[in-house]
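These notes are about the structure you will find just below.
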Protein chains: 2
Amino acid sequence: MSSVRPKRSDVHHPEPDGQVVPKLCESCEARHRGVCGALPGDDLLRLSKISVRKTLKSGESVVCDEDDVISFSNVLNGVVKLSKLLPDGRQQIVGLQFAPDFLGRPFRAESHLTAEASGDVHLCSFPRAEFESMMRDNPELEHRILAQTLEQLDEARDWMMTLGRKTAREKIASYLLMIARHSAPQPPSGQGVAIDLPLSRGDMADFLGLTIETVSRQMTALRKAKVIEFDSARAVRIPSLRALERAAGE
Amino acid sequence: MSSVRPKRSDVHHPEPDGQVVPKLCESCEARHRGVCGALPGDDLLRLSKISVRKTLKSGESVVCDEDDVISFSNVLNGVVKLSKLLPDGRQQIVGLQFAPDFLGRPFRAESHLTAEASGDVHLCSFPRAEFESMMRDNPELEHRILAQTLEQLDEARDWMMTLGRKTAREKIASYLLMIARHSAPQPPSGQGVAIDLPLSRGDMADFLGLTIETVSRQMTALRKAKVIEFDSARAVRIPSLRALERAAGE
DNA sequence: CGGCACGTTGAGCGGCGTCAATTTATGTGG
DNA sequence: CCACATAAATTGACGCCGCTCAACGTGCCG
């Protein structure tokens, strides 16, 4: 299920201030906003020597259900779906990971979770054991992992409200709102916010606890209500975030 | 909303090995299984001096939505509901905390969450600032917080599957199963597992994304299907956990 | 062009919500 | 102890939102 193309990286060079920063990490978002920002130069070097870049094509999975997790990753770009499966095939997407999120479940097997690329994804991947050992040595690293985990817990609980108490229409609006908030801020064009939808209708359904047909119908309904406009099936514009928030029940 | 009766505690005495263990902490579950287990004697003493026991009556809240969180707590016994509210009044319970769970959201305001006692609850409560400072000094303490946060994230994601993809019947069964797994293990009596239900039908509805009436009907349906037996409305017996798991769709 | 995945739309049904009545627990004062 | 009040839980009748099944449209690639 997961065919990836690793590329070993041990190139590095000194920074102006004498600190050694691996070349691979130089322009990496995760080094600034992600967990790697916690690492001093020498630890970063140690980690970069054992880390590999991976490219996943759409649909390829990082960790399969029940697999032992042998590696952690940072998401460099793209979107990773975290999903669960019931024995009879019903599926629920329980989270989306964007750059520069950390991917992995420290101290435990991945709790029956599947991580799959939605669209092409670039990862920076490293061995589990080595990273956990660095976490023990480096409290600041563990602190960052904790901070991210707490944020993900907040997001998961927000989504529980959406799944349990919102109507189909409100669920769709909530999803669009979430994507808009994760999108890069745009120059105020007066034409509203344009966003690309990383998930197919089917994945949106699995994320929102709906069927494909209901997702499609409610997208149409929001368009007819002029809350959104379609550039294509996978790209919409939002004339008024306020109106979308109202549609999301917030 | 929250009227509590604090009782200052600074009594303590030396342990046989010379280590000082505050008297208050001596028989405390949280010291062994909870986060306090991470603390050496002197830190435990420091924390115990600023901690207070609180008793909440059913329905009293620990942290109100939008309040600044001024304290963290350990749950000593009882059950605490974590819930969210939509502007129009719809409610969703996003988690249950049992002893010896840690209660609080480090590094941030409580993300619009309400924590409320379901039945009488005993807490051990301490000032936020002091505890966060101890977290900085003591990586092992932060490590335990991380471990618990990761578990809660797993649980939240499990529940997302339940909320998004299961039928009313399966949701009820999943809830009963979760309570059974949190209950103290019982001597094999041959009469099945007896469990007390900490939530009212209304709270079960808010936890499962259902209405009171549907909860009641599906409880009756499970009884008629002989998956559960009623000792009272708040206490059931489970003849076969396997059968209950099947009813939960697992 | 055909083949295929993805998305949209329609018709009809059923699970769960709504509204309402009744029964059962829980407490409170005489 | 009973009488009464109040809340919690159950049960029934009915309607609607979202699911099912099916047909059709659309874009992409060989």
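What you are looking at is a predicted structure, and each value in this text was computed from that prediction instead of being measured. In what follows, every chain begins at residue 1, and chains take the letters A, B, ... in the order their sequences are listed. Values reported hereafter were calculated over all heavy atoms of this structure, with side chains retained and with hydrogens, waters and symmetry mates removed.
Nucleic acid contact for B:Ser232: none, since no nucleic acid atom lies under 4.0 Å from a heavy atom of the residue. B:Arg169 comes within 4.0 angstrom of nothing in the nucleic acid, heavy atoms only. Backbone-only engagement by B:Ser200 is indicated by non-hydrogen atom pairs under 4.0 Å involving sugar-phosphate atoms exclusively.
Whole-Å rounding puts the A:Asp206 CG to C:dC6 P distance at 13 Å. Atoms CE (A:Met219) and P (C:dC6) sit 16 Å apart, rounded to a whole Å. Atom pair B:Arg217:CZ and C:dA21:C1' shows a separation of 13 Å (rounding to whole Å applied). To the nearest angstrom, C1' of C:dG15 lies 15 Å from CZ of B:Arg165. If you take CD1 of A:Ile212 and P of D:dA23, they are 17 Å apart, rounded to a whole angstrom. At whole-Å resolution of the value, CD in B:Glu170 and C1' in C:dG15 are 13 Å apart. Going from atom CD1 of A:Ile172 over to atom C1' of D:dG18 covers 12 Å, rounded to whole Å. When rounded to the nearest whole Å, the span between CG of A:Leu163 and C1' of D:dG18 equals 15 Å.
Heavy atoms only, all atoms of each residue included: B:Ala99 and B:Leu76 are closest at CB-O, 3.1 Å.
In the set C:dG7, D:dT11, D:dG18, C:dG7 carries the atom at the smallest distance from any side-chain atom of A:Ala233. Between D:dT10, C:dG17, C:dG7, one nucleotide has an atom nearer to the side chain of B:Phe230 than all others, and that is D:dT10. Among the nucleotides C:dC16, C:dG7, D:dG12, the one closest to the side chain of B:Glu213 is D:dG12. Taking the side chain of B:Gln218 as heavy atoms from C-beta on, and the options C:dC16, D:dT20, D:dT10, the nearest nucleotide is C:dC16.
A 4.5 Å side-chain heavy-atom check between B:His182 and B:Ile195 finds every atom pair outside the cut-off. No side-chain heavy atom of A:Asp101 sits less than 4.5 Å from a side-chain heavy atom of A:Asn74.
At least one test fails for A:Arg128 against the ring of A:Phe72: distance under 6.0 Å to the centre or angle within 45° of the axis.
When atom types are taken as modelled, the side chain of B:Ser118 and the backbone of B:Pro198 share a donor-acceptor pair closer than 3.5 angstrom. Using modelled atom types, one side-chain atom of A:Ser232 and one backbone atom of A:Arg234 make a donor-acceptor pair closer than 3.5 Å.
Between B:Thr214 and C:dG17 there is a side-chain N or O to OP1 or OP2 distance below 4.0 Å. One finds no side-chain N or O of A:Arg201 lying less than 4.0 angstrom from the OP1 or OP2 phosphate oxygen of C:dA5. At least one side-chain nitrogen or oxygen of A:Thr220 sits closer than 4.0 Å to the OP1 or OP2 atom of C:dT9.
In this model, no donor atom of one side chain and acceptor atom of the other lie less than 3.5 Å apart for B:Lys54 and B:Ser73.
Note: A:Trp159 and A:Phe207 have parallel aromatic rings, judged against thresholds of 30 and 60 degrees for the angle between ring planes.
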- Note on the structure: Protein heavy-atom contacts under 4.0 Å, written 5' to 3' over nucleotides 24-30 of chain D as B (base), S (sugar-phosphate only) or - (none), form the string -------
